Structure formats: structure tokens, C-alpha cells
2 protein chains.
Amino acid sequence: MKKPTILDVADSAGVAVGTVSRYLNDQRIRKDNRTRIEQAIADLGYRANTLARAMKTERTNTVGYLVPKFDEFNSGILTQLVRSLRARGYSIVTFHHSDEADAINEALESASSRRIDAIILSGTHEVTEKVQELLTGEQPVIIFNNDVPGVETDKVLVNDEAAAQDAVSRMIDFGHTRIGVVTGDLNGSTGQNRLQGYTKAHEQAGLSVDEELVYVGNWGQLDGYTAMDRFLGMENPPSAVFFSNYLMTIGGLDCLSSNGKQVGKDIDLVTFDDPDMFRLIPPGITAIEQPIEQIARHLTEIVLSRLDGTAPDHPRNIRVNCALKLRGSLGVARKASGKTHEDS
Amino acid sequence: MKKPTILDVADSAGVAVGTVSRYLNDQRIRKDNRTRIEQAIADLGYRANTLARAMKTERTNTVGYLVPKFDEFNSGILTQLVRSLRARGYSIVTFHHSDEADAINEALESASSRRIDAIILSGTHEVTEKVQELLTGEQPVIIFNNDVPGVETDKVLVNDEAAAQDAVSRMIDFGHTRIGVVTGDLNGSTGQNRLQGYTKAHEQAGLSVDEELVYVGNWGQLDGYTAMDRFLGMENPPSAVFFSNYLMTIGGLDCLSSNGKQVGKDIDLVTFDDPDMFRLIPPGITAIEQPIEQIARHLTEIVLSRLDGTAPDHPRNIRVNCALKLRGSLGVARKASGKTHEDS
DNA sequence: TTGTAGGCGTTATCAA
DNA sequence: TTGATAACGCCTACAA
């Protein structure tokens with residue numbers, strides 16, 4: 001037996017389809033008709049067909065979510081989005097691309113072909129052209145986490161450069177003068193900006209950057225391991241390292257532990273991203289915490305206002321601030337130089 | 001300007017819609033028509049409307065994914081599923097319910113209303129009735145991670161009891177006789193089975209279980225903290241603790257570090273789940289690793305075969321095994337008793 | 001307030 | 001092979 005349609009409901013309730021449709025869309029309807037329709041729906045186990053509705057209304061009540069991978073950060077955002085958007089009747093279709101251009105294309109084509117109402121995506125430079133194409137369509141595109149420069153659309157980003165600069169300045173305050181940095185992919189704005197923060201902190205302190213201490217990775221755990229390995233093997237190794245994301249930090253920690261080095265004692269360490277466990281890895285990893293809830297809230301607000309039509313015409317560009325969580329992994333040089341600092 | 005339809009393509013190519021449709025569905029078509037259609041599609045930037053297609057075919061090429069939350073485990077599975085199912089043309093709509101009955105209902109209703117082709121879900125006892133309802137429909141339901149007893153459908157589960165028993169037996173081997181356990185919700189099979197494993201290990205070793213050492217939590221970080229706090233405050237505290245999942249372990253670790261206790265020295269610790277960082281938390285957390293890839297592979301295989309119609313009539317019931325990763329957090333009593341053991 | 005009918009973009013059927 | 005046409009389930013005028 002097939003699924004009942006609005007027509008079956010109408011029959012069973014003894015009214016016309018139009019009436020049932022109006023009932024489903026919360027429009028005025030006679031009271032006795034209402035009860036009979038409700039009865040019929042319950043009897044038949046009727047469930048509205050979203051597809052058919054979408055055909056007419058041109059609204060699928062679906063939002064796409066495209067990220068490189070479902071790591072702690074992206075999963076956290078997803079959790080919030082599912083909750084807040086579901087409350088407004090939207091479902092979320094997820095895609096991830098692992099930084100592969102093919103996967104990106106496929107995802108965006110699938111999204112477009114499914115006529116999703118909007119798409120939230122974490123940029124990658126590979127994404128640029130395709131996104132432009134999307135933008136010419138009528139689907140709102142909201143970019144977060146990683147900027148796609150030159151694309152004019154709503155964006156919710158963190159203050160990468162400022163946060164990195166702040167963190168590295170703190171490291172300098174603590175007495176470090178040779179600070180290694182492990183960056184992510186420099187084709188993306190996130191990678192660039194975080195490195196830029198590192199550089200500016202040095203400039204501001206009148207220190208020069210030793211190019212040898214700049215390791216360009218690509219956000220992966222292995223990059224962190226390799227970088228740290230290289231640092232440790234140097235004639236004059238850095239006394240502290242700044243990592244541009246948490247995965248690379250994990251790699252770095254792994255390398256340190258393989259080499260019997262102790263964080264906060266043999267070497268200091270500060271990282272972008274603050275997954276829960278960084279608190280628990282002795283002596284506590286000093287980390288830049290990205291405000292996931294806040295980012296998700298902005299994304300939700302923007303998506304909904306775009307879909308309502310209540311959003312302003314011009315694209316919105318939001319930058320949220322990060323907090324530096326000072327922990328034991330920043331301490332080596334302080335002890336060496338005898339300086340003292342209070343936590344923030 | 002609206003999106004071009006198959007009709008526009010037909011016009012532009014000078015053929016009938018039926019021909020275009022056949023082209024789109026990889027059916028035989030005259031060569032010259034094929035090239036003209038491809039030309040037209042490129043010119044117009046045509047993209048097939050999945051909705052309209054779904055109306056006819058009764059296939060949305062969409063799979064639902066419903067879990068309590070997007071933690072490391074569920075995100076890992078999701079990552080694999082998105083990849084493997086996307087390769088076959090399926091998209092994934094995600095839902096999470098935070099163990100709230102309302103959210104579950106809403107998710108399942110939304111899923112049903114969207115006419116998804118199948119749904120993969122991590123069971124909860126609250127889910128039972130609703131799932132039964134779903135099962136009467138024609139959408140395949142695949143349960144993983146947490147069983148929903150009494151529901152006859154495809155399942156992919158890990159050998160919770162055996163893995164827990166094995167782990168706790170190891171703890172006993174290492175000389176522990178007072179072992180605390182922090183369980184998850186006992187309304188679900190996962191919680192029950194893991195506790196059962198703990199109990200059986202004791203039985204097998206001829207040890208009795210001190211009820212005082214059984215803390216019933218609900219999978220959350222706070223539960224782990226509270227449990228450990230209670231253990232530490234005891235007259236005769238346990239020398240080791242078995243945690244039923246990683247979140248509770250994190251809570252427990254947090255509590256230990258707050259109290260200045262050292263893992264593997266003051267107290268031993270073994271946990272279900274093996275997120276990456278457990279390796280890095282000194283002295284390394286001994287953990288039961290769930291084979292995420294394997295689980296995802298089974299899920300994929302089952303979903304696809306159900307949708308193909310190539311699956312057997314009876315529900316499949318798959319149990320995968322877990323590996324115990326021995327690390328430094330299991331060692332206290334060994335040293336105390338002078339025993340030696342080799343790793344597995 | 002209600003009933004009727006046309007159309008959303010596809011696919012499937014049938015004749016040509 | 002191809003073209004024409006009737007569905008698929010719903011919404012929305014429009015007329016009653």
C-alpha cells in the first residue's frame with residue numbers, strides 16, 4: 001500500500017484537497033473540518049511529502065554544510081546548526097571534501113541539484129570559482145572559518161591575525177626570542193593570517209623572523225610531527241613553537257613524546273584551537289579558543305535572515321574574537337629569565 | 001531568470017523532452033542528438049532538478065543519519081559515510097537528538113517527510129517506538145553503535161561485552177582487585193553490555209563486585225568527573241577505574257588532575273573509545289579502540305544492498321570486534337605486585 | 001470559507 | 001530511437 005496523499009486525507013475527511021492543504025499551512029479553516037482532517041491524518045498515518053511541496057514553493061527547507069572534514073571544530077559548529085536550524089524547520093545536508101577539488105565540485109553540484117535553500121561552507125582556495133558560480137544563482141552562500149578572498153558574500157570569520165599576534169606576543173613577553181611556527185596551507189586566508197600574526201608580533205617587538213623557523217604545513221597531524229622533528233634537529237632549535245591548528249599540534253606533541261621531550265620544560269608550545277583535551281595534556285596546552293557557539297549563532301542568524309529576506313542587501317562580514325587560554329605549556333623561558341606574569 | 005528546465009534544454013537542442021530525459025539517464029540515444037543536448041546543457045548551465053526526479057522515481061538518493069551527538073566517534077563514521085555514499089550518488093541529511101525524545105520524533109518525522117531512502121541511526125531506548133513505526137514503512141532502517149532490543153532490522157554493533165570483559169580481565173591480570181566502573185546510561189544496550197563485561201570479568205576471576213564501585217553515569221563528561229570524585233573520596237578507593245566511554249574518561253582525568261593525582265601511578269585507568277589524544281596524555285591511556293572504518297564499511301554495504309534490493313530478506317546482525325590498546329595508564333598494580341606482562 | 005483545476009520538472013508509457 | 005502526454009503530490013489562484 002502506498003503512502004497516503006493529501007487526496008486520501010481529503011477523501012477520508014470528506015473535504016476537498018484545497019481545504020486540507022490550507023489546514024497543513026496553518027490557514028483559517030472551519031472548526032469541524034479541522035477536527036475531521038486531523039482525524040483522517042491520524043487514521044491514515046499521513047505525512048506531508050516535502051518534495052512535492054518544494055516543487056511548488058521552490059523552497060526545500062534544506063541548508064547545505066560543506067567543510068573539509070568533520071573535525072572537532074566543524075562538528076561542533078554542525079551540532080549547533082542542526083539544532084538551531086531544525087527549530088525553524090530546516091534540515092542540513094552535509095558534505096566534506098578533504099581538500100580535493102573533485103569532491104568540492106561534486107558536493108556543490110549535488111547541493112545545487114538538490115535545490116538547497118542556502119549553503120554554509122568553510123572556504124578553501126579551490127572553492128573560489130565554483131562558489132562564484134553559485135553566487136550567480138539565487139542560493140545564499142555563507143562562508144565561515146576560512147575566507148575565500150574576492151568573493152562577495154556573507155562571512156563569519158575569526159580574527160585570525162589578531163589572535164595569533166596576541167598569542168605570539170605573549171610568547172615573546174615570556175622571554176622567547178626564537179619561536180618556531182607551523183603554519184597551515186598558505187593558499188588560504190586562515191593560514192596566511194595566522195602566519196601574519198606571528199610575523200607582526202615579531203615586528204612589534206623589534207625581533208626579526210628567522211625563515212628557518214617557519215615551517216609551512218597543510219593542517220595535518222603529520223605536518224606537525226615533521227615540523228617538530230625538524231626543529232628538534234636544529235643546531236639552534238627554537239625555545240617555543242606556535243602551531244596554526246590543533247591537528248598539527250597533536251603531531252608536534254607526538255614527536256616530542258617520541259623524543260622524550262617535556263612540554264613546558266624542554267620547549268614551550270602555543271596553538272590555535274582549543275579542543276577539550278588540551279587542558280588535560282600536562283602541563284596544559286596554551287591555546288587560542290575559537291568561540292564555536294558564537295560562530296554558529298552568527299551563521300544561523302545570517303542564514304535565517306537571508307531566507308526571510310530580512311537581511312540587508314550588502315554582504316555581511318563578521319569577525320569574532322578568540323580568547324587565549326594560558327596554561328603550563330608556556331613557561332620555559334619565563335623560568336629561565338625569572339620574569340613573572342599573571343594569567344589573563 | 002529562472003533555472004533552465006529539461007524543456008529548455010529540449011528546445012535549445014531541437015529535440016523532445018523525452019530524449020533529453022533519456023540522455024540524462026544514460027539510455028541509448030542517437031549520437032548527433034547527444035552532442036546537441038550536451039551543447040544545450042552547457043549553454044544554458046542546466047542542472048537537473050533532483051526534486052522533480054524524486055517525485056517520479058520515489059527515490060530521493062538521500063540517506064538520513066541520526067545520532068545523539070557529533071562526537072569523535074559519530075563524526076568519524078559520518079566522514080566515511082559521506083564519502084562512500086556520495087560516490088554512489090547519495091547525500092546525507094544529519095540529525096542529532098541529544099537524547100531528547102522530542103528531538104528524536106522531530107528528526108524521524110522530518111526524515112520521513114523528506115522521503116529519505118534509508119536511515120542510519122544510533123539507537124537509544126527512547127527511539128524504539130518511533131523506529132517500529134518507520135519499519136512498517138518501506139524505508140530501510142539500519143541501527144549501529146547502540147542496539148534497540150526487540151527491533152528487527154539490520155544492525156552493526158561492536159562486541160561491547162566481550163571488549164569490556166577483555167579489558168577488565170586485563171586489569172585483574174595486572175593485579176587489580178578493587179576496580180571502579182563508570183557506566184553510561186543503562187537503558188541502552190551499550191551501557192548494559194559494557195557493564196556486563198565488567199561483571200563477567202570479575203565472575204571469571206572469582207572476584208565479587210563491590211556495588212559501591214559501580215557508578216552509573218550518562219555518557220557525559222561531568223559524569224566522569226563526579227564518579228572519580230566519589231571514588232577518590234572513599235575510605236577504600238579503587239586502585240583502577242574502567243570508563244565506558246571517552247567523554248566520561250575526560251571528566252575523570254580532569255578530576256584526577258584537579259586533585260593532583262597521577263594516572264598510572266596513583267591510579268590506573270582503562271577506557272572504551274580511543275580518540276587520538278589518549279595516546280598523548282601521559283602515560284598514555286589504555287583504551288578500547290572501536291574500528292570506525294570497519295563499522296562505516298559495513299553500514300555502507302548494508303545500506304547500498306538494501307537500496308539495490310540485493311540484500312537478503314532477513315535482517316543482518318553484524319558484530320565487530322574491538323582492539324585493546326595497552327598503554328601506561330595500566331601499570332600501578334603491576335609494579336606493586338611485581339608481575340610482568342607483554343603487550344598484545 | 002470551500003471546491004476545482006492548472007502547473008512545478010521529471011520520468012514512463014505508447015505510438016509513431 | 002523519438003515525440004507527445006499523462007502522471008507524481010502538492011500549492012494556489014479563481015470561482016463558487
Side-chain angles (χ1 to χ4, degrees), chain A residues 1-38 40-41 44-62 89 109-110 112-117 137-138, chain B residues 1-38 40-41 44-62 89 109-110 112-117 137-138:
Chain A
M1 62 182 187
K2 315 179 55 277
K3 291 213 170 167
T5 76
I6 199 176
L7 218 125
D8 301 318
V9 174
D11 270 2
S12 163
V15 300
V17 283
T19 311
V20 179
S21 173
R22 276 188 294 271
Y23 164 80
L24 292 173
N25 292 287
D26 291 320
Q27 295 175 34
R28 299 195 61 78
I29 199 184
R30 240 186 19 233
K31 194 148 190 183
D32 59 324
N33 275 340
R34 167 179 301 273
T35 58
R36 292 164 67 193
I37 290 175
E38 281 167 351
I41 287 181
L44 278 60
Y46 168 78
R47 192 134 304 157
N49 182 327
T50 306
L51 301 173
R53 173 175 300 167
M55 282 258 290
K56 280 301 288 185
T57 61
E58 313 246 88
R59 284 300 195 101
T60 54
N61 286 301
T62 305
E109 273 179 24
S110 166
S112 153
S113 159
R114 277 167 198 284
R115 302 295 194 263
I116 56 167
D117 297 331
E138 57 280 353
Chain B
M1 56 180 190
K2 314 179 61 278
K3 293 208 170 170
T5 77
I6 197 177
L7 219 126
D8 300 320
V9 175
D11 271 2
S12 162
V15 299
V17 283
T19 310
V20 180
S21 174
R22 277 189 294 272
Y23 163 79
L24 292 173
N25 292 287
D26 291 321
Q27 294 175 35
R28 301 196 59 78
I29 202 182
R30 249 199 354 248
K31 193 145 190 182
D32 59 325
N33 275 340
R34 166 178 302 275
T35 56
R36 292 164 65 197
I37 289 175
E38 280 167 351
I41 287 182
L44 278 59
Y46 168 78
R47 189 135 306 156
N49 183 328
T50 306
L51 300 173
R53 171 175 300 166
M55 280 257 291
K56 282 301 286 184
T57 61
E58 313 245 87
R59 286 299 195 103
T60 53
N61 286 301
T62 305
E109 275 181 23
S110 166
S112 155
S113 159
R114 277 170 197 284
R115 301 296 193 264
I116 55 166
D117 296 332
E138 56 281 353

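None of the values given here were measured: they were computed from a predicted structure. To find a chain, count down the sequence lines: A is the first, B the second, and so on, and within it residues start at 1.
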With sequence neighbours excluded, tell me which residues meet side-chain hydrogen bond (donor to acceptor under 3.5 Å, both in side chains) with Arg34(A). none
The side chain to side chain contact (heavy atoms under 4.5 Å, CB included) partners of Ala40(A) (sequence neighbours excluded) come to Val9(A), Ser12(A), Ala13(A)
Sequence-distant partners of Tyr46(A), side-chain hydrogen bond (donor to acceptor under 3.5 Å, both in side chains), two or more places apart: none
Please list, in 5' to 3' order, the outermost nucleotides of DNA chain D lying under 4.0 Å from any heavy atom of chain B. dT1(D) to dG9(D)
Determine to 10° how strongly the helix from dT1(C)-dA16(D) to dA16(C)-dT1(D) is bent, judged from the axes of its five-pair ends. 40°
Not counting sequence neighbours, which residues clear side-chain hydrogen bond (donor to acceptor under 3.5 Å, both in side chains) with Thr60(A)? List them please. Asp117(A)
What residues, two or more places apart in sequence or in another chain, satisfy side chain to side chain contact (heavy atoms under 4.5 Å, CB included) together with Ser110(B)? Arg86(A), Ser91(A), Phe95(B), Arg114(B)
Ignoring hydrogens and angles, write down the donor-acceptor pairs under 3.5 Å from the side chains of residues 48-56 of chain B, residues two or more places apart or on other chains.
unit_1   : atom_1 : unit_2    : atom_2 : d
Asn49(B) : OD1    : Leu51(B)  : N      : 2.7
Asn49(B) : OD1    : Ala52(B)  : N      : 3.3
Thr50(B) : OG1    : Ser113(A) : O      : 2.8
Thr50(B) : OG1    : Ser113(A) : OG     : 2.4

Under the side chain to side chain contact (heavy atoms under 4.5 Å, CB included) criterion, do Leu24(B) and Ile37(B) qualify, and how do the steps go? CA-CA 10 Å; Leu24(B) 292 173; Ile37(B) 289 175; over 6 Å; no
For Glu58(A), enumerate each residue passing the side-chain hydrogen bond (donor to acceptor under 3.5 Å, both in side chains) test, keeping only those at least two apart in sequence or located in another chain. none
Could you note down all residue pairs passing salt bridge (charged side-chain N to carboxylate O under 4.0 Å, His left out) where residues 8-33 of chain B supplies at least one of them, sequence neighbours left out? Arg30(B)-Asp32(B)
Set of residues satisfying salt bridge (Lys or Arg N to Asp or Glu O under 4.0 Å) with respect to Glu109(B), sequence neighbours excluded: Lys130(B)
Below 4.0 angstrom from OP1 or OP2 of dT1(C), is there any side-chain N or O of Asn33(A)? no
Between protein and nucleotides 6-16 of chain C, map the contacts as a letter string: B base, S sugar-phosphate only, - none, heavy atoms under 4.0 Å, written 5' to 3'. BBBBBBB----
